[in-house]
Amino acid sequence: MLRKAKITNEHGAAPPQRLLPQWISNHFLPDSKVRIIWDVFIFTVIWYNSVVTPIRIFIMSGAKTPQILVSLDIVFDFIFVADTLLRCYMPYVDENTGQIVLDPYLIRMKYRESWTFWINIIACIPIVKLPLTPFLSRDQQNALLTYFNVLRMIRVLHLPGQFYQLKKLRERTSPVNEAVFRMYFILFFMLLFMFECGSLYFGLSTLTVVDDICPSPEDFDEDILGKEMWVAQDTVITNVMDTDVCGVDPNLECNDCPQTLFFTRSVYYLMQTIFTIGYGDTVVPSKSSIEMILACAFMIFGVFAYAMTIANMTSVLANLDVVNMEFRHEMDTISHWMALRSVPNQLKQRVV
């Protein structure tokens, strides 16, 4: 168990006895429940922003953004600012002594010198959009709210470190299988990558060709069907948007801007590309140069993803029982030592 220690700064000054810093130091200790819950909450918020922000930019652009997402953006702005300020007073474990440092001065100094501080500062920049919105038009507000959120995505760099913190916390109660941990790690970031790249693929293959992916029904044939892009060839999407088709088919519900369908079809096509799987269904091949370049990049990534996944799966199957594996390793070491020392067979049998 970690020991708590109040450490003064090099000038011998005692830590400030202000109420808020003292409360944070007492409740946000590295092993405390409050700290763990807060870190899990921030992890979830970062994951949400990493998935939703590309969707906001490339699929739900402009006035098509639901108001609830705009409200959540404002809430998350304040959450990120609060987290940045809280970490100025959160105790940390000194790597040299193994003690918990409670001195606010030392905590702030270490925090400001870390790359975590600068990532958090950049992620807080979107909050400056709040005083600017009253002076902007509706379209300008939507663009500002959407593209400012890109800065919050930099916090995705914290996710690997939080994964390893979770691993250390788990190791305090029972051994952790390294191969299983790596497998979860790879799968999590592969899914995150697919969600983000699915939105990117949809955006670059459509917004570079048309100004509005959701035109009015009377302009649909000219603005969408006549363009060289995979969306125009995907009948699953076009049948829902084309009133000439969905209007006469009772099994289809017309939707001039099926955002959910945009996202799911993009991710579906991306997964087929990355894993080099072809089902022969209605997902169509790339139509433009941009789509082909992105598809090639995703295929290259898929090769490396395959290699990493198969290698880790082999390790997982070979080391499913980590406790038994460690026991066998220890017994092999003991047997080897007894053989070197010429221990009598009768004693060997009693030990082994």
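For the numbers below, each heavy atom of this structure counts, side chains included, while hydrogens, waters and symmetry mates do not. Throughout, numbering of the chain's residues begins at 1 and tracks the sequence.
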| field | Residues Val156, Leu159; criterion side-chain contact (heavy atoms from CB on, under 4.5 Å); working and verdict | value | CA-CA 5 Å; Val156 75; Leu159 293 182; 3.5 Å; yes

If hydrophobic clusters are built by linking Ile, Leu, Val, Met, Phe, Trp and Tyr wherever their side-chain heavy atoms come under 4.5 Å apart, do [X] and [Y] end up in the same one?
X      : Y      : answer
Ile59  : Met153 : no
Leu204 : Phe298 : yes
Met292 : Ile300 : no
Val150 : Ile79  : yes
Phe43  : Val52  : yes

Working to the nearest 0.5 Å, report the span between [atom1] of [X] and [atom2] of [Y].
X      : Y      : atom1 : atom2 : result
Phe41  : Asp39  : CZ    : CG    : 11.5 Å
Ile36  : Leu29  : CD1   : CG    : 11.0 Å
Arg56  : Thr53  : CZ    : OG1   : 7.5 Å
Leu200 : Leu270 : CG    : CG    : 9.5 Å
Asn251 : Asn239 : CG    : CG    : 11.5 Å
Arg112 : Met109 : CZ    : CE    : 5.5 Å

Report yes if the side chains of [X] and [Y] come closer than 4.5 Å at any heavy-atom pair, otherwise no.
X      : Y      : value
Asp234 : Ile237 : yes
Val93  : Pro30  : yes
Ile334 : Met331 : yes
Ile46  : Gln162 : yes
Ile107 : Cys88  : no
Thr97  : Asp94  : yes
Met229 : Ile213 : yes
Glu196 : Ser50  : yes

Does [X] reach the main-chain N or O of [Y] with its side chain, forming a donor-acceptor pair under 3.5 Å?
X      : Y      : result
Ser199 : Phe195 : yes
Ser335 : Asp332 : no
Asp242 : Thr238 : no
Ser114 : Tyr111 : yes
Ser32  : His27  : yes
Glu291 : Trp230 : yes

For residues [X] and [Y], report the shortest heavy-atom separation together with the two atoms involved.
X      : Y      : value
Pro258 : Met241 : CD-CG, 3.5 Å
Val236 : Leu261 : O-CD2, 3.5 Å
Ile24  : Met90  : CG2-N, 4.2 Å
Pro91  : Ser25  : CG-O, 3.5 Å
His158 : Thr116 : CE1-CG2, 3.4 Å
Leu151 : Ile122 : CB-O, 3.7 Å

Would you say the rings of [Y] and [X] are close, in the sense that their centroids are separated by under 6.0 Å?
X      : Y      : answer
Tyr201 : Phe58  : no
Phe28  : Tyr89  : no
Phe163 : Phe188 : yes
Phe181 : Tyr164 : yes
Phe202 : Phe263 : no

| request: Could you check Tyr48 against Leu72 for side-chain contact (heavy atoms from CB on, under 4.5 Å), going step by step and ending with a plain yes or no? | output: CA-CA 10 Å; Tyr48 167 86; Leu72 284 175; 3.4 Å; yes

| request: Please collect all side chain to side chain donor-acceptor pair (under 3.5 Å) contacts where either partner lies in residues 76-85, sequence neighbours excluded, each pair once. | output: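 Only Trp38-Asp83, Asp77-Lys129, Asp77-Arg152, Asp83-Arg87, Asp83-Arg155, Thr84-Arg155 qualify under side chain to side chain donor-acceptor pair (under 3.5 Å).
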
| query | Hey, what else clusters with Val245 if you join Ile, Leu, Val, Met, Phe, Trp, Tyr whenever side-chain heavy atoms sit under 4.5 Å? | reply |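 Its cluster mates, by chain and number, are Leu252.
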
| request: Go through Phe185 and Phe189 one step at a time and tell me if the ring-ring contact (aromatic ring centres under 6.0 Å, His included) criterion holds. | output: CA-CA 6 Å; Phe185 185 88; Phe189 282 99; 4.8 Å; yes

| said: Could you go through Leu340 and Trp337, starting from their C-alpha distance and side-chain angles, then the distance that decides it, and tell me whether this counts as side-chain contact (heavy atoms from CB on, under 4.5 Å)? | reply: CA-CA 5 Å; Leu340 290 176; Trp337 182 87; 5.7 Å; no

| Mind checking what makes disulfide (SG to SG under 2.5 Å) contact with Cys296, not counting sequence neighbours? |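 Cys296 satisfies disulfide (SG to SG under 2.5 Å) with no other residue.
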
| task | Start with the C-alpha distance between Leu192 and Val51, add both sets of side-chain angles, then the distance that settles side-chain contact (heavy atoms from CB on, under 4.5 Å), and finish with yes or no. | result | CA-CA 7 Å; Leu192 184 60; Val51 173; 3.6 Å; yes

